[in-house]
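The sequence lines fix the lettering, A, B, ..., with proteins before strands; numbering per chain opens at 1.
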2 protein chains.
Amino acid sequence: MKSQRPQITLDDVATRAGVTTMTISRYFRTPEKVSPATRDKIAAAIDQLGYVADSTAARLAGKTRSLLAVITPSLALPYVPEIIEGVSEVADRADAALMLHETRFDLTLQEQRIEAAISWRPDGIIFIGDTISDRSRRQIAAAQIPFVEAWAQSDHPVGIDVGLSHSDLARDMTLRLIGAGYKTIGFAVRRMGYRVEAERLKGYQQAMTAHGRAPQVFECGDQATSFQSGAQLLTMARAATPAPDALFFAGDLLAAGALFEAQRQGLRVPQDIAICGFGDYPISREIVPSLTTVALPTRALGRRAAHLCLPQAPQPSPPEPCTSSFVERQSARLAPVP
Amino acid sequence: MKSQRPQITLDDVATRAGVTTMTISRYFRTPEKVSPATRDKIAAAIDQLGYVADSTAARLAGKTRSLLAVITPSLALPYVPEIIEGVSEVADRADAALMLHETRFDLTLQEQRIEAAISWRPDGIIFIGDTISDRSRRQIAAAQIPFVEAWAQSDHPVGIDVGLSHSDLARDMTLRLIGAGYKTIGFAVRRMGYRVEAERLKGYQQAMTAHGRAPQVFECGDQATSFQSGAQLLTMARAATPAPDALFFAGDLLAAGALFEAQRQGLRVPQDIAICGFGDYPISREIVPSLTTVALPTRALGRRAAHLCLPQAPQPSPPEPCTSSFVERQSARLAPVP
DNA sequence: TTGTACGCGTTATCAT
DNA sequence: ATGATAACGCGTACAA
């Protein structure tokens with residue numbers, strides 16, 4: 001075993017097996033076109049040399065290996081790993097590699113990461129995020145790479161759009177709270193400037209206005225953790241006039257923070273105030289009281305996005321559903337579908 | 001804009017700028033060796049064509065682009081995204097791309113993913129996981145690629161090892177519980193066959209034995225969620241004789257599940273039973289009562305692992321600390337450092 | 001300062 | 001069934 005050998009290549013295997021590189025390549029790609037005898041020789045050579053084919057070269061030469069890129073602001077948002085797991089499932093089935101790019105909520109970094117993603121010429125780019133700059137839009141268009149927005153529905157889709165309508169979902173959830181008999185329903189959100197949160201707010205406002213009610217929005221800064229912000233928002237809402245009898249949070253983490261705070265303050269949920277979240281994170285069903293919320297098909301979203309980039313991936317049959325739902329738990333009552 | 005152009009290459013830019021490919025290449029790699037005049041022409045050509053250099057080809061030709069691979073059982077474990085974020089920070093600074101491979105707790109899949117990672121010839125492979133098969137060990141050795149185990153300390157490290165000693169941490173935590181005056185300290189764990197959990201159990205047993213106490217271990221199956229298992233384990237422990245006055249959970253999620261269950265049962269924590277976790281997840285400081293636990297330097301671990309693979313990445317000065325700590329919160333008292 | 005020519009490791013095409 | 005040869009797009013000696 002020569003130690004400083006730069007790399008074991010197809011040539012090495014070929015020499016050892018007494019054939020040419022082309023035969024080795026065929027051994028991998030169309031084994032049935034290689035005679036059983038040489039097949040054994042090749043297998044032995046590969047094993048002895050510990051050969052692993054170079055995907056970089058393979059991809060440059062033909063488009064043999066598949067590659068997917070995921071771009072996301074952060075992995076700390078609970079739904080992001082879930083979407084990525086969906087992507088990864090499909091990628092695995094299609095033997096595709098997965099590249100991950102974080103933008104850290106920074107638009108400049110996002111431009112860089114999008115360009116980096118394009119530079120690897122993946123079979124598709126799956127975008128979890130918010131706004132996309134014009135510069136990036138141009139590059140994406142020029143690159144001719146499928147670009148899938150997998151989280152929020154886009155007003156100006158760059159490519160394919162499998163995202164959710166966060167405004168419709170928030171509107172419908174508000175309608176169900178209204179239908180359940182809550183009189184003054186507030187909406188609580190962190191001031192973060194994200195499109196999805198603005199969408200959710202919009203949906204809430206639509207529903208309230210449609211029923212002739214005055215929207216009552218509580219906002220706080222984005223310095224603290226989501227849990228802390230939730231606590232703060234609950235306190236704000238309790239101090240308002242009129243004090244809401246139900247509070248719809250723009251995210252489950254905020255709502256969970258509010259539940260913890262309610263517990264600290266000795267408030268009863270939902271008797272003193274009903275609380276409702278958005279996202280259905282794992283914690284939401286375990287917390288006491290369990291959280292009424294909007295469940296999002298995150299994994300399915302990821303799978304769907306990946307399928308759009310990898311047409312060769314085995315499709316499930318029947319095609320799997322990818323729908324959101326409203327989950328009534330202990331923290332708030334919900335009216336049935338209108 | 002020709003639409004079905006296969007790809008925009010260096011050649012296209014060169015032609016448009018009236019120079020050869022070499023000059024464009026230099027423009028990117030050593031701009032100072034290109035005259036300002038042609039520099040402008042090139043910049044214009046790049047912009048007009050929306051050219052993005054092909055990293056695949058670049059990497060095959062020279063080793064211009066950097067690439068890192070992360071292999072993990074899942075993204076659903078709360079510490080995994082944190083470690084990856086650490087990796088990603090450093091990767092960004094070094095202009096390295098990041099590949100992600102999930103093994104889904106399946107050793108066969110893990111072998112495949114490790115081989116896939118190697119096939120892209122990354123500058124390093126960062127492994128978050130447990131056991132590594134012999135076959136994989138051989139491939140890793142043959143590939144000559146830095147292989148960093150970033151989560152658990154390995155008995156038989158394959159490559160570099162920046163992991164934590166989960167047994168030492170569990171031992172010290174147990175010692176602190178003993179020092180705090182708890183009489184019967186139980187250990188609760190899911191039967192999952194992971195090395196890190198076995199390590200934690202071992203540390204607990206060491207500490208108990210050292211103080212002449214009989215270890216009292218509670219185990220449950222791995223079918224349910226962590227939260228549900230935690231609830232189950234709490235119930236088991238309460239039914240035991242003697243009933244422990246403190247329960248050390250092998251993970252924070254289990255402990256959180258126990259706290260929720262205690263709340264449902266009307267048990268007071270820590271008066272009726274003290275509860276202690278391992279991992280310091282975000283939820284642990286927010287839950288009521290807040291959870292006493294072992295805090296792990298996950299992000300720093302990721303950064304450190306990445307630095308080992310990317311020597312060119314700008315190093316922080318002074319070198320950042322990467323140490324665990326014991327966090328006393330409401331759910332259990334802790335003795336100060338022995 | 002700029003250009004020529006070859007190599008990186010694999011695959012596709014066309015022969016044999 | 002197997003081989004020879006030419007790409008794939010870029011980097012780098014070396015030459016001009």
Quiz item: Per the end-axis method with five pairs at each terminus, what is the bend angle of the helix from C/dT1-D/dA16 to C/dT16-D/dA1, to 10°?
Solution: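 Computed angle between terminal axes is 30°.
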If I take atom [atom1] in residue [X] and atom [atom2] in nucleotide [N], what distance separates them, rounded to the nearest angstrom?
| X | N | atom1 | atom2 | answer |
| --- | --- | --- | --- | --- |
| B/L67 | C/dC8 | CG | C1' | 16 Å |
| A/L49 | C/dG9 | CG | P | 14 Å |
| A/K33 | C/dT11 | NZ | P | 14 Å |
| A/I24 | D/dT2 | CD1 | P | 10 Å |

Quiz item: So does B/T23 get a side-chain nitrogen or oxygen closer than 4.0 Å to the phosphate oxygens (OP1/OP2) of C/dG3?
Solution: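 Yes.
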Self-check item: Phosphate OP1/OP2 of D/dA1: any A/S35 side-chain N/O under 4.0 Å
Solution: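 The answer is no; no side-chain N or O of A/S35 sits under 4.0 Å from OP1 or OP2.
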Self-check item: Residue list, salt bridge (Lys or Arg N to Asp or Glu O under 4.0 Å) with A/R93, at least two apart or on another chain
Solution: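 Only A/E89 meet the salt bridge (Lys or Arg N to Asp or Glu O under 4.0 Å) criterion with A/R93.
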Quiz item: Who are the salt bridge (Lys or Arg N to Asp or Glu O under 4.0 Å) partners of B/R59, not counting sequence neighbours?
Solution: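 Partners of B/R59 by the salt bridge (Lys or Arg N to Asp or Glu O under 4.0 Å) criterion, ordered by chain and then number, come out as B/D123.
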Quiz item: Tell me the salt bridge (charged side-chain N to carboxylate O under 4.0 Å, His left out) pairs involving residues 27-41 of chain B, sequence neighbours left out?
Solution: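 Qualifying pairs, neighbours excluded: none.
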Quiz item: Does anything in residues 77-87 of chain B pair up under salt bridge (charged side-chain N to carboxylate O under 4.0 Å, His left out), and if so which pairs, sequence neighbours excluded?
Solution: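 Output for this query lists B/E85-B/R299.
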Quiz item: What ring-ring contact (aromatic ring centres under 6.0 Å, His included) pairs are there with at least one residue in residues 95-123 of chain A, not counting sequence neighbours?
Solution: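 Listed once each, the pairs are A/F105-A/Y194.
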Quiz item: Would a distance-only check, ignoring hydrogens and angles, find a side-chain to backbone donor-acceptor pair under 3.5 Å from A/S119 to A/A116?
Solution: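 At least one qualifying donor-acceptor pair exists.
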Quiz prompt | Nucleotide-resolved protein contact map, nucleotides 8-16 of chain D, B/S/- at heavy-atom distance under 4.0 Å | solution = BBBSBB---
Practice problem: Apply side-chain contact (heavy atoms from CB on, under 4.5 Å) to A/L308 and list each qualifying residue two or more places apart in sequence or on a separate chain. | Solution: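 Per chain and number, A/L308 pairs via side-chain contact (heavy atoms from CB on, under 4.5 Å) with A/V148, A/I160, A/V162.
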Side chains of residues 127-136 of chain B: which donor-acceptor pairs under 3.5 Å do they make with residues two or more places apart or in other chains?
unit_1	atom_1	unit_2	atom_2	d
B/D130	OD1	B/R195	N	2.9
B/D130	OD2	B/R195	N	2.6
B/S133	OG	B/E111	OE2	2.7
B/S133	OG	B/S136	N	3.1
B/S133	OG	B/S136	OG	3.2
B/R135	NE	B/E111	OE1	3.4
B/R135	NH2	B/E115	OE1	2.9

